[in-house]
Amino acid sequence: MTDSVKNTLLFAIVGGLILLTGFTQSWNTAILILNMGLISAIMAIGVNLQWGFAGLFNVGVMGFVALGGLAVVLVSTPPTPGAWAAGGYGIVLSLLLGAATVVAAVLVATKLPKGRVQTLTIIAVLVVGFFVYRAVFDPSIAAVEAIDPAIAGNIGGLNLPVLLAWPAGGLLAAGAAWLIGKTALGLRSDYLAIATLGIAEIIIAVMKNEDWLARGVKNVYGIPRPSPVVGYEVDLQNDPAFLARAEWLGLDSVTASTLSVKLGYSLLFMIVLLVLLWMAQMALKSPWGRMMRAIRDNEVAAEAMGKDVTRRHLQIFVLGSAICGIAGAMMTTLDGQLTPSAYQPLRFTFLVWVMVIVGGSGNNFGAVLGAFLIWFLWVQVEPIGLWLMNVITAGLPDGSALKAHLLDSAAHMRLFTMGLILLIVLRFSPRGLIPEK
């Protein structure tokens with residue numbers, strides 16, 4: 001069997017599993033798996049760029065996905081009335097003062113000769129700058145958070161179309177990745193992993209605690225949809241033409257409107273995935289892609305040939321993080337809300353890495369396949385496990401401690417299955433289902 005036939009068959013099997021879900025469970029569930037699979041595939045492409053192309057061990061995927069979600073709030077939600085006048089401009093001024101403090105400390109470090117005077121001057125600049133920053137920042141955020149805290153309490157956004165928030169999410173994640181990369185990419189791979197994991201947790205902590213930014217743990221609801229491609233179910237249910245089409249298809253108005261909205265998301269997500277996949281493939285086949293793989297395989301030899309390894313690592317770290325930011329913005333748009341507490345390393349870092357490893361590190365199509373397969377299993381394993389436990393315990397009497405224990409254990413089938421699949425793939429196909437060529 002040729003590689004192309006095998007790869008096509010693998011994608012067909014995963015597609016068949018999603019279709020089987022639609023026929024045996026519900027089409028709402030099947031399309032939800034499809035949509036989240038598309039978003040996960042984009043995340044996997046971003047991680048594959050960093051690890052598969054350059055060997056960068058980024059364990060902070062969660063942070064960049066969260067920044068993409070934050071961008072949706074800052075770009076597409078309407079501004080909170082009175083927030084900017086109360087303290088919004090003061091917040092911007094304080095952030096500029098904080099940045100100016102850092103720049104001043106760097107200038108002192110570069111201009112003054114090393115010694116006690118330089119050290120004392122840097123400390124003085126940082127201390128004075130911090131107190132000035134807090135003097136402006138604290139009253140400003142207090143004024144913003146006091147504005148109708150039950151439903152607002154944040155500065156809001158720019159009220160721009162939500163589709164513009166997707167590239168904005170990529171830009172925000174790329175900017176953060178550039179700042180992180182300038183300091184962390186000089187670390188060895190294991191230390192880089194620790195640093196990126198810690199920075200991701202810092203990003204989530206800031207989003208949870210800074211209510212003025214995106215309401216913190218109170219969450220942001222009612223994020224607009226990418227119209228006109230994706231509308232609202234209520235509007236569709238009041239449209240006579242849509243109701244006529246739904247009746248012709250034999251669907252009730254609620255089911256038809258729900259499926260229509262989800263399929264609209266599927267269309268947009270598919271377009272974004274295909275564009276990013278095409279760009280990643282072109283990059284892989286280009287001289288730049290061959291250079292990145294040469295650096296990944298032997299950094300010393302690449303440096304000896306005159307390649308700036310640190311600069312190239314920074315490039316691909318920023319690109320991969322930007323793609324994860326776009327995926328995060330798409331996911332927040334699909335959910336219609338931003339929930340900072342929902343960002344967990346297990347879902348947004350570990351699971352994405354499993355997708356890349358199972359699919360095939362270094363192969364973009366392998367990353368996409370792994371994303372769809374692992375997400376399908378992540379969703380379906382728990383109900384399948386519960387069904388299996390019910391079958392196993394059918395002969396046990398009700399109230400049996402063993403039966404209750406086995407039924408409760410079904411909730412842990414997800415983690416068990418992910419670990420089992422990872423072990424099987426690493427044992428029988430160490431390079432993934434679609435290995436790098």
Side-chain angles (χ1 to χ4, degrees), residues 3 7 10-11 14 33 36-65 68 173 177 189-190 192-193 196-197 200 269 272-274 276-281 283-284 289 292-293 295-297 313 316-328 330-331 343-379 414-415 417-437:
D3 288 343
N7 297 345
L10 288 172
F11 275 101
V14 175
I33 292 174
M36 286 304 300
L38 291 168
I39 293 174
S40 299
I42 294 172
M43 294 183 196
I45 288 176
V47 173
N48 188 53
L49 280 178
Q50 296 172 340
W51 173 250
F53 284 25
L56 295 179
F57 193 24
N58 174 19
V59 195
V61 180
M62 172 186 68
F64 300 111
V65 172
S189 59
D190 47 354
L192 175 64
T196 51
L197 178 61
F269 296 165
V272 175
L273 174 61
L274 291 176
L276 291 175
L277 181 59
W278 176 79
M279 293 173 68
Q281 282 296 101
L284 179 65
M292 292 307 307
R293 284 183 288 176
I295 292 174
R296 175 199 66 188
D297 295 335
H313 276 172
I316 205 159
F317 187 72
V318 169
L319 287 173
S321 301
I323 292 174
C324 291
I326 293 171
M330 293 165 60
M331 189 182 68
Y343 292 104
Q344 300 293 333
L346 175 65
R347 165 65 184 94
F348 294 103
T349 297
F350 170 74
L351 203 61
V352 179
W353 271 98
V354 173
M355 293 170 182
V356 173
I357 294 170
V358 169
S361 173
N363 191 307
N364 294 312
F365 288 99
V368 172
L369 174 69
F372 279 104
L373 176 61
I374 295 301
W375 180 252
F376 174 83
L377 293 173
W378 183 258
V379 172
R414 278 179 169 177
L415 299 180
T417 305
M418 294 302 107
L420 182 63
I421 290 171
L422 195 56
L423 286 174
I424 292 173
V425 170
L426 291 176
R427 171 61 182 84
F428 295 102
S429 183
R431 298 171 61 205
L433 297 176
I434 307 181
E436 178 185 6
K437 293 184 179 179

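Computation of the quantities below employed the complete heavy-atom set of this structure, encompassing side-chain atoms and omitting hydrogens, waters and symmetry-equivalent molecules.
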Evaluate whether atom OH of Y343 has more than 12 neighbouring non-hydrogen atoms of other residues, nucleotides or ligands under 6.0 angstrom away.
-> yes
Identify the heavy atoms of M62 and T349 that sit nearest to each other, and give their distance.
-> N-OG1, 3.2 Å
Kindly compute the distance separating CG (D3) from CD1 (I434), expressed to the nearest 0.5 Å.
-> 9.5 Å
In terms of heavy-atom contacts, F372 and A41 come closest through CE1-CB, 4.2 Å
Close side-chain approach of W375 and L351, heavy atoms under 4.5 Å = yes
For L274, enumerate each residue passing the side-chain contact (heavy atoms from CB on, under 4.5 Å) test, keeping only those at least two apart in sequence or located in another chain.
-> M270
Taking all non-hydrogen atoms of both residues, which atom of H313 and which atom of I295 are closest, and how far apart?
-> NE2-CG2, 3.6 Å
Calculate, to the nearest 0.5 Å, the distance between atoms CD1 and CD1 belonging to I326 and I39 respectively.
-> 12.5 Å
Pairing residues for R431 by the side-chain contact (heavy atoms from CB on, under 4.5 Å) criterion, not counting sequence neighbours = P435, E436
Testing V368, L277, V272 for side-chain contact (heavy atoms from CB on, under 4.5 Å) with I42, which one passes?
-> V272
Heavy-atom side-chain contact between L433 and L373 under 4.5 Å = yes
To the nearest 0.5 Å, how far apart are CE in M36 and CZ in F269?
-> 8.5 Å
Spacing of M355 atom CE and M43 atom CE [to the nearest 0.5 Å] = 7.5 Å
Reported CD1-to-CH2 distance for the pair I421 and W378, which is rounded to 0.5 angstrom = 11.0 Å
Side-chain heavy-atom pair R293, L284 within 4.5 angstrom cut-off | yes
Heavy-atom pair of closest approach, residues A322 and A173 = CA-CB, 4.3 Å
Beyond-backbone contact of V425 with I357, side-chain heavy atoms, under 4.5 angstrom = no
Main-chain N/O of A44 paired to N48 side chain as donor or acceptor, under 3.5 Å | no
Measuring from R296:CZ to Q50:CD, what's the distance to the nearest 0.5 Å?
-> 14.0 Å
Hey, is the main chain of A193 close enough, under 3.5 Å, to the side chain of T196 for a donor-acceptor pair?
-> yes
Is any side-chain heavy atom of L369 closer than 4.5 Å to a side-chain heavy atom of N7?
-> no
Nearest heavy-atom approach of F53 to A280 is CZ-O, 4.0 Å
Here the pair of heavy atoms bringing N58 nearest to S321 is ND2-OG, 4.4 Å
Plane angle bin for F57 and W353 - parallel if under 30°, tilted between 30 and 60°, otherwise perpendicular | perpendicular
